[in-house]
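Presented below is the structure to which this report refers.
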Amino acid sequence: MEIFAIGFLFVVGMVFGSFFNVVGLRLPKGIPFSNDRSICPVCRHQLSWYELIPVVSYLIQGGKCRHCAEKISFIYPFMELLTGFLFSYSYVQLGFTLELIKALLLISLSMILVVSDIKYMIIPNKVLLFFLPFFIVLNIFRPIEPWWSPIAGAVVGFSMIALIIIVSRGGMGAGDMKLFGLLGLVLGLPKVLLTFFIACLLGSVFGIFFMLIGIIKRKQPVPFGPYIIIATLITYFFSDPILHFYFSLI
Ligand SMILES: [Zn+2]
């Protein structure tokens, strides 16, 4: 029974992952994504249903468009697989609980933001505003202890980045600030700080690495959103062992 539930969430995750790719790419440009079939961005051929099966179509077509043979970015199947993995992993960790809904919503938000931030360096307001009411309702039905933790988390998360924007004159964007406000609400006060710390750590390590191998240049603006997102998921799933390890050291 268990293996069916895990497999089911994996498939559902891949289908949603495919949808999140589309939302992340189209929403910042104002292209409707609900009533419009996907097309190949190069030859503009409209894709049939059998060209839109997550991961499978990519593998069968050898990573190329069936019509113009243009290479399809591996980002698409990667995001689909990652979403499938994270959906099923959440179920393994949480079972069929209210917390599972929160985890799936957080993963969905994350996947859309990673796509739009990498592609356009934009964290769309519409995406944050869409998810906000769900997290507020979940906080009511499944409160984080103590009760003020999400409110304090939202205030601290938002103001912390606002301060960085003022001091660094644009080191981070308004999108990062609003995202941290939302994350504070989702994770609560101590964990939003841990998320910020991990995001800065990842940003510095990978930033230096990408500079060394020549992918990015000095002073080139880079999206910080993906680091925030990875840090959020690490904090959400592993904050207890991380904090336990930390306190065992001091
Ligand atoms: Zn094509």
Side-chain angles (χ1 to χ4, degrees), residues 17 20-21 23-25 27-28 75 78-79 82-83 85-86 89-90 102-132 134-135 138-139 144 149-150 152-211 215-216 220-239 242-243 246:
F20 298 151
N21 271 327
V23 175
L25 289 174
L27 192 96
I75 293 286
F78 175 75
M79 295 299 286
L82 184 63
T83 313
F85 168 76
L86 289 170
Y89 178 76
S90 304
K102 185 172 174 176
L104 299 185
L105 283 168
L106 189 60
I107 294 163
S108 306
L109 168 75
S110 301
M111 294 302 124
I112 297 171
L113 293 185
V114 165
V115 172
S116 64
D117 204 29
I118 289 179
K119 181 83 179 171
Y120 308 111
M121 300 232 328
I122 288 174
I123 292 176
N125 275 334
K126 276 185 187 166
V127 176
L128 301 179
L129 286 172
F130 175 83
F131 283 95
L132 179 65
F134 290 103
F135 288 122
L138 275 166
N139 274 349
I144 303 175
S149 166
V155 173
V156 170
F158 188 90
S159 351
M160 191 166 60
I161 309 299
L163 199 69
I164 292 175
I165 292 174
I166 295 166
V167 172
S168 71
R169 293 190 193 137
M172 281 189 183
D176 299 321
M177 177 174 74
K178 286 174 258 180
L179 173 59
F180 259 103
L182 180 64
L183 290 176
L185 185 81
V186 176
L187 300 167
L189 180 56
K191 289 184 184 174
V192 77
L193 294 174
L194 181 65
T195 303
F196 177 72
F197 176 73
I198 297 174
C200 292
L201 198 70
L202 291 171
S204 330
V205 171
F206 281 98
I208 291 168
F209 175 71
F210 288 146
M211 233 185 283
I215 293 183
I216 56 172
Q220 178 185 349
V222 285
F224 191 55
Y227 301 116
I228 303 175
I229 292 304
I230 299 168
T232 300
L233 295 176
I234 291 175
T235 305
Y236 182 75
F237 286 110
F238 305 111
S239 65
I242 291 172
L243 291 174
Y246 177 74

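As the structure is a computational prediction, the values presented were derived from the model and not from experiment.
Counting only residues at least two apart or in different chains, side-chain hydrogen bond (donor to acceptor under 3.5 Å, both in side chains) contacts with residues 105-117 are absent. For the side-chain hydrogen bond (donor to acceptor under 3.5 Å, both in side chains) condition, the pairs that include at least one residue of residues 123-132, sequence neighbours left out, are Asn125-Lys178.
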Could you tabulate the donor-acceptor pairs under 3.5 Å formed by side-chain atoms of residues 156-163, not counting sequence neighbours?
| residue | atom | partner | partner atom | Å |
| --- | --- | --- | --- | --- |
| Ser159 | OG | Val155 | O | 2.3 |

Side-chain polar contacts of residues 224-235 - donor-acceptor pairs under 3.5 angstrom, sequence neighbours left out - could you list them?
| residue | atom | partner | partner atom | Å |
| --- | --- | --- | --- | --- |
| Thr232 | OG1 | Ile228 | O | 2.6 |
| Thr235 | OG1 | Thr195 | OG1 | 3.1 |
| Thr235 | OG1 | Ala231 | O | 2.7 |

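Residues passing the ring-ring contact (aromatic ring centres under 6.0 Å, His included) test with Phe196 are Phe180, sequence neighbours excluded. For the ring-ring contact (aromatic ring centres under 6.0 Å, His included) test, no residue two or more places apart in sequence or in another chain qualifies with Tyr120. A search for side-chain contact (heavy atoms from CB on, under 4.5 Å) contacts involving Leu105 returns Ile101, Phe131, Phe134, Phe135, Leu138, not counting sequence neighbours. Every residue was checked against the side chain to side chain donor-acceptor pair (under 3.5 Å) condition with Lys102, not counting sequence neighbours, and none meets it. Evaluation of the ring-ring contact (aromatic ring centres under 6.0 Å, His included) rule for Phe85 yields Tyr89 as partners, not counting sequence neighbours.
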Inset, instruction - Verify side-chain contact (heavy atoms from CB on, under 4.5 Å) between Ile198 and Ile242, making sure each step is shown before the conclusion. - result: CA-CA 11 Å; Ile198 297 174; Ile242 291 172; 4.2 Å; yes
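Taken to the nearest 0.5 Å, the OG1 atom of Thr83 stands 9.5 Å off from the CZ atom of Phe78. We find the CG-CG distance between Leu187 and Leu106 to be 6.5 Å, quoted to the nearest 0.5 Å. One distance of note links CG of Leu86 with CE of Met111; it measures 5.0 Å at 0.5 Å rounding. Interatomic distance, Met172 CE to Ile166 CD1, rounded to the nearest 0.5 Å: 13.5 Å. Summarising the geometry, atom NZ belonging to Lys119 is positioned 11.0 Å from atom CG belonging to Asn21; distances are rounded to the nearest 0.5 Å.
For the pair Pro150 and Asn139, the tightest heavy-atom approach, listed with the atom from each and the gap, is CB-ND2, 3.7 Å. Of all heavy-atom pairs between Leu27 and Pro124, the closest is CD2-CB, 3.7 Å. Of all the heavy atoms in Leu128 and Leu109, the pair that sits closest is CD2-CD1, 4.2 Å. What you find for Val192 and Gly153 is that their closest heavy atoms are CG1-O, 3.9 Å. The shortest non-hydrogen separation linking Ile165 to Gly173 is CD1-O, 3.4 Å. For the pair Ser239 and Leu194, the tightest heavy-atom approach, listed with the atom from each and the gap, is CB-CD2, 3.9 Å.
Using a 4.5 Å heavy-atom cutoff, the side chains of Met79 and Val114 are in contact.
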